[in-house]
Amino acid sequence: EAAPGSPVAVTRVVWRFAPDADAALNLLLAGEADVMEHLGSPARVERVRSDTALRLIPYPSAAYGFLGFRIQDGRGTAHPLLGSRGLRRALAMGVNRPLLAEGVLGPGTKAPPGPMSRLLWILDENTAVLPYDTTRAARLLDSLGWLSRAAGPRRRGTQVLTFDILVPSTSPVRRDLAVALQEAWRRLGVGVTVTAVDFPVFNERLAKGQFDAYIGAWLDEPSPRGLADQWTRAGWGVLNYGHYDNPAFDARFQRAAAETDLDRARATWREAMDTLNADAPAVFLYAPEQVAAVSKRVEGVTIDPYSWASGLRTWRAGPR
């Protein structure tokens, strides 16, 4: 039996639900909650850091975020702008991904070298990615016939280089990323608007192909085979909303998924990711480090990124 006042095993958990992350954090700071598994923005992390009754537990996230382009529709008709591989490559080279990732999501956030979180075992920092090079990006736009103007977006004949980014209104992070991309591309002479809609509408528009580009976020499965739904031809009608389609990528993906030798599998996965990145079907923006906040009266808390509450049996709590 535990001594009076000492921590005891947690035998009952009460879940509190709040309308948004700031409301949840206020419950924690007021002592009305003991654990918040994901604080989110750097500003929330700093609020907890200054509270002596709480401690921070950083842990890598199993998620990654990206801007996805609609390359074509479900019938194979190319997007009038973003169907151009050269234009997508120029847009990708116009984004300082590491700076953007840390600026919006805070220190510890990485710009991933492809569609993968920091936990996915195929992550390889030597994967070929398009460089951040605004001079090269501008020259590529010039070569494609998109000519600069004294004011406003570039034009090619009567066509104006402008498109929209779709985001869910419930995600301030995605909205902030879209606004930062809007500014980066404005400097290249690309006009970008940002449309925020309710999350159900966001999902509906993605499924119907009613967007130019969107800010998405996916949670990795432990196996990279789950990426098939997001980036291969087999994912049309599933999660490959932009209808990216490259037979060379699909073939490498299938070979990598079937490979049983670990070293050969890693090499083949890297070839597949090199192929994907060269096509720029998306700009891979962030792989975050998440931060949990825990009351100091709760001990033994460890966080599994795939199931943060799975370690509850080791938690112990003392009196308030």
Side-chain angles (χ1 to χ4, degrees), residues 64-71 78-116 118 123-156 159-165 174 176-194 212-216 231 242 244 246 248-249 252 270-288:
Y64 72 93
F66 61 97
L67 176 131
F69 297 113
R70 182 169 70 81
I71 299 170
H79 187 281
L81 295 176
L82 302 171
S84 165
R85 181 177 186 266
L87 175 57
R88 297 194 308 271
R89 286 172 60 88
L91 291 170
M93 287 188 286
V95 179
N96 187 336
R97 298 183 307 118
L99 183 65
L100 180 62
E102 284 215 358
V104 174
L105 284 98
T109 306
K110 303 294 183 184
M116 62 196 79
R118 293 157 67 179
L123 187 145
D124 184 342
E125 296 296 343
N126 293 317
T127 300
V129 298
L130 292 170
Y132 170 56
D133 189 334
T134 55
T135 299
R136 183 176 164 188
R139 288 173 179 167
L140 180 52
L141 291 173
D142 291 340
S143 73
L144 294 170
W146 293 107
L147 303 181
S148 297
R149 305 167 62 212
R154 292 170 179 259
R155 287 181 177 267
R156 186 170 62 185
Q159 197 174 20
V160 181
L161 184 51
T162 182
F163 63 91
D164 184 71
I165 300 175
R174 297 198 213 184
D176 291 347
L177 287 166
V179 170
L181 290 168
Q182 179 185 49
E183 174 59 21
W185 287 332
R186 182 193 64 78
R187 296 173 186 171
L188 281 178
V190 182
V192 174
T193 57
V194 178
D212 296 319
Y214 72 102
I215 304 289
W231 303 105
Y244 174 58
N246 182 336
F249 169 72
R252 290 184 172 93
R270 179 177 167 184
E271 290 175 8
M273 294 303 136
D274 288 349
T275 303
L276 181 83
N277 288 335
D279 283 339
V283 181
F284 299 105
L285 298 173
Y286 66 89

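Residues take their numbers from the sequence shown, with the count starting at 1.
The heavy-atom pair separating P112 from A287 by the smallest distance is CD-N, 3.7 Å. Between R154 and W146 the shortest heavy-atom distance is NH1-O, 2.7 Å. Here the shortest heavy-atom pairing between M93 and P131 reads CG-O, 3.2 Å. Between A101 and A111 the shortest heavy-atom distance is CB-N, 4.3 Å. Counting all heavy atoms, side chain and backbone alike, A282 lies closest to G68 at CB-CA, 4.0 Å. Residue A137 comes nearest to A90 through the heavy atom pair CB-O, 3.4 Å, listed as atom of the first residue, atom of the second, then distance.
Applying the side-chain contact (heavy atoms from CB on, under 4.5 Å) test between F163 and each of T193, L87, V192 identifies V192 as the sole match. No option in Y214, Y286, Y244 other than Y214 meets the ring-ring contact (aromatic ring centres under 6.0 Å, His included) test with F66.
At a threshold of 4.5 Å between non-hydrogen side-chain atoms, the residues W185 and V95 count as touching. The closest side-chain heavy-atom distance from N246 to T275 is below 4.5 Å. Side chains of Q159 and L81 form a contact here, defined as non-hydrogen atoms less than 4.5 Å apart. Proximity of P113 to D124: side-chain heavy atoms (C-beta onward) are nowhere separated by under 4.5 Å. Counting only heavy atoms from C-beta outward, the side chains of P98 and N96 approach each other to under 4.5 Å. T127 places a side-chain heavy atom less than 4.5 Å from the side chain of R270. Using a 4.5 Å heavy-atom cutoff, the side chains of I71 and R88 are in contact. Side-chain contact between L285 and L100 is present, with at least one heavy-atom pair separated by less than 4.5 Å.
We find the CE-CG distance between M273 and N126 to be 15.0 Å, quoted to the nearest 0.5 Å. In this structure, OG1 on T109 lies 7.0 Å from CZ on R118, to the nearest 0.5 angstrom. Annotation: the span from S84 atom OG to L140 atom CG amounts to 8.0 Å, rounded to 0.5 Å.
More than 12 heavy atoms of other residues, nucleotides or ligands sit less than 6.0 Å from atom CZ of R156. Open room surrounds CZ on R136; 12 or fewer heavy atoms of other groups in view lie less than 6.0 Å from it.
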side-chain contact (heavy atoms from CB on, under 4.5 Å) between R155 and V160, worked out: CA-CA 5 Å; R155 287 181 177 267; V160 181; 3.1 Å; yes
What verdict does the side-chain contact (heavy atoms from CB on, under 4.5 Å) test give for I165 and L177, after you've listed the backbone C-alpha separation in whole Å, the side-chain angles of each residue and the deciding distance to 0.1 Å? CA-CA 10 Å; I165 300 175; L177 287 166; over 6 Å; no
Given side-chain contact (heavy atoms from CB on, under 4.5 Å), test L141 with V190 step by step and report yes or no. CA-CA 10 Å; L141 291 173; V190 182; 4.3 Å; yes
For R97 and V129, what are the C-alpha separation, side-chain angles and deciding distance, and is it a side-chain contact (heavy atoms from CB on, under 4.5 Å)? CA-CA 11 Å; R97 298 183 307 118; V129 298; 4.1 Å; yes
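Side chain of N277 to main chain of A128: a donor-acceptor pair is present (N/O by atom type, distance under 3.5 Å, no hydrogens or angles).
With sequence neighbours excluded, the residues that form a ring-ring contact (aromatic ring centres under 6.0 Å, His included) with F284 are W231.
Identified under the salt bridge (Lys or Arg N to Asp or Glu O under 4.0 Å) test for residues 184-194, with sequence neighbours left out: E183-R186, E183-R187.
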